Amino acid sequence: LITAIAEQMFGFKTTSWELGRQRSVIELDTPSVTAEQMGALERSVNEKIRERVPVVVRELAADDPEIETVRSRGLPDDHAGPVRVVDIEGVDSNMCCGTHVSNLSDLQVIKLLGTEKGKKNKTNLVFLAGNRVLKSIEQSHSTEKALTSLLKNGPGEHVEAVKRLQSSVKLLQKCFFTRPYRKEGDSEFMNIIANEIGTEEALLFLTVGDEREAGLFLLAGPVDAVEHLGPRVAELLGGKGAGKRGRFQGKAAKMSRRGEVEALLQEFISHRSPEA
């Protein structure tokens, strides 16, 4: 049915097909199928289903001249006996040996899922029919309910919610903050942590010492970011420092202002990251 309508409407010939376990595919001899063409094709095939068009199977003798009017790839050289022809009334007449419905309404519905790039400038048209459409809707609805529960919003807002989450993850992947948890830590200790985490793409801010008074700090990350932010971090912490090759470290007199440093780094990352 899809093959016949696609050829009638757009001249797209079917060159191959596959009836899969989950979905089915028709290979069309065209480099592309537009969304408008696919929509028109889907509407047309389902209109034929609703019209309850009869499907008739008949057998013709191999030398019957009517065979010349039937759409086919031709008979095998070793063919013997009658030729089986399947007629979709007013739509198509085709040689086929498979099992067929007696009426197009038995198909229930056809849903064209989309297209995929085929081989040699061809296009694969992916579709579902009958009960598989119902199963697909059931599965999609279950997924939609789960996402609604997780994202705390309606189905129409799922895409934007996921995009926001992705942006947040990308932002966090580029910026790490750690609280001082070893009062007796030193510069070597902070550098060991930075080496383990890796700072080629991540911006890392580490501190050790007294939580509210004096201590040491390390800012590590991309060279340009550290060169720009290092002196400002030292200023906020009431300290001094120096840096090279993506690391800026020094002494801090006002460790209680770590929150201000974190806010500065967050602002810097948000303005630098196109996903944020």
Side-chain angles (χ1 to χ4, degrees), residues 32 114-117 119 143-276:
S32 64
T115 60
E116 299 173 350
K117 185 177 180 180
K119 57 186 179 181
T143 301
E144 186 177 275
K145 286 177 62 178
L147 286 173
T148 297
S149 177
L150 290 170
L151 298 174
K152 309 299 182 185
N153 59 16
E157 301 171 305
H158 285 173
V159 173
E160 288 303 317
V162 171
K163 286 181 178 179
R164 289 195 298 270
L165 287 173
Q166 289 176 327
S167 294
S168 298
V169 169
K170 289 177 180 178
L171 183 61
L172 289 172
Q173 287 174 338
K174 295 182 178 181
C175 190
F176 294 94
F177 300 109
T178 66
R179 295 290 185 179
Y181 60 92
R182 279 187 59 174
K183 190 173 182 179
E184 69 277 12
D186 55 17
S187 295
E188 182 181 1
F189 170 69
M190 292 189 293
N191 277 287
I192 290 173
I193 293 176
N195 290 337
E196 288 297 319
I197 293 177
T199 57
E200 291 183 2
E201 296 183 3
L203 189 60
L204 181 67
F205 174 51
L206 296 168
T207 61
V208 294
D210 192 289
E211 288 195 31
R212 303 197 63 79
E213 297 181 7
L216 302 174
F217 72 91
L218 168 67
L219 181 68
V223 174
D224 61 337
V226 172
E227 288 180 350
H228 174 72
L229 294 168
R232 298 176 64 186
V233 170
E235 182 181 356
L236 282 173
L237 295 175
K240 295 181 179 181
K244 60 180 179 179
R245 295 193 297 274
R247 303 232 173 155
F248 191 100
Q249 55 191 336
K251 295 181 179 180
K254 300 177 181 178
M255 296 287 279
S256 59
R257 299 179 69 179
R258 290 190 316 276
E260 296 178 46
V261 174
E262 294 179 2
L264 170 69
L265 300 181
Q266 286 278 19
E267 183 181 7
F268 175 80
I269 292 292
S270 65
H271 282 87
R272 289 285 294 273
S273 175
E275 298 93 350

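Model, not experiment: these values are computed from the prediction. Counting begins at 1 with the first residue of the sequence.
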Residue list, side-chain hydrogen bond (donor to acceptor under 3.5 Å, both in side chains) with Glu160, at least two apart or on another chain:
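Residues passing side-chain hydrogen bond (donor to acceptor under 3.5 Å, both in side chains) with Glu160: none at all.
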
Side chains of [X] and [Y]: closer than 4.5 Å at any heavy-atom pair?
| X | Y | result |
| --- | --- | --- |
| Leu218 | Arg247 | yes |
| Val261 | Thr207 | no |
| Leu265 | Leu219 | yes |

To the nearest 0.5 angstrom, please state how far the [atom1] atom of [X] sits from the [atom2] atom of [Y].
| X | Y | atom1 | atom2 | value |
| --- | --- | --- | --- | --- |
| Leu204 | Asn195 | CG | CG | 10.0 Å |
| Arg257 | Leu264 | CZ | CG | 11.0 Å |
| Glu188 | Leu216 | CD | CG | 12.5 Å |

Please find the pair of heavy atoms, one from [X] and one from [Y], that lie closest to each other, and give the distance.
| X | Y | result |
| --- | --- | --- |
| Leu237 | Arg258 | CD2-N, 4.1 Å |
| Ala234 | Gly241 | CB-N, 4.4 Å |
| Ala253 | Gly238 | CB-O, 3.3 Å |

All salt bridge (Lys or Arg N to Asp or Glu O under 4.0 Å) counterparts of Glu235, not counting sequence neighbours:
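Glu235 satisfies salt bridge (Lys or Arg N to Asp or Glu O under 4.0 Å) with no residue once adjacent residues are dropped.
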
Inter- and intrachain pairs under ring-ring contact (aromatic ring centres under 6.0 Å, His included), touching residues 210-232, at least two apart
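Checked against ring-ring contact (aromatic ring centres under 6.0 Å, His included) - neighbours excluded - the pairs reaching residues 210-232 are His228-Phe268.
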
For residues 229-254, which residue pairs pass the ring-ring contact (aromatic ring centres under 6.0 Å, His included) check, not counting sequence neighbours?
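Counting only pairs at least two positions apart or across chains, no ring-ring contact (aromatic ring centres under 6.0 Å, His included) contact touches residues 229-254.
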
Can you name the side chain to side chain contact (heavy atoms under 4.5 Å, CB included) partners of Glu227, sequence neighbours left out?
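Scan of Glu227 (side chain to side chain contact (heavy atoms under 4.5 Å, CB included), adjacent residues dropped) gives Val223.
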
Mark yes or no for whether Arg232, through its side chain, and Leu229, through its backbone, hold a donor-acceptor pair below 3.5 Å.
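Answer holds: no.
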
Show me the donor-acceptor pairs, under 3.5 Å and distance only, between side chains in residues 146-156 and residues at least two apart or in other chains.
unit_1	atom_1	unit_2	atom_2	d
Thr148	OG1	Glu144	O	2.9
Thr148	OG1	His158	NE2	3.1
Lys152	NZ	Ser149	O	3.2
Asn153	ND2	Glu157	O	3.4

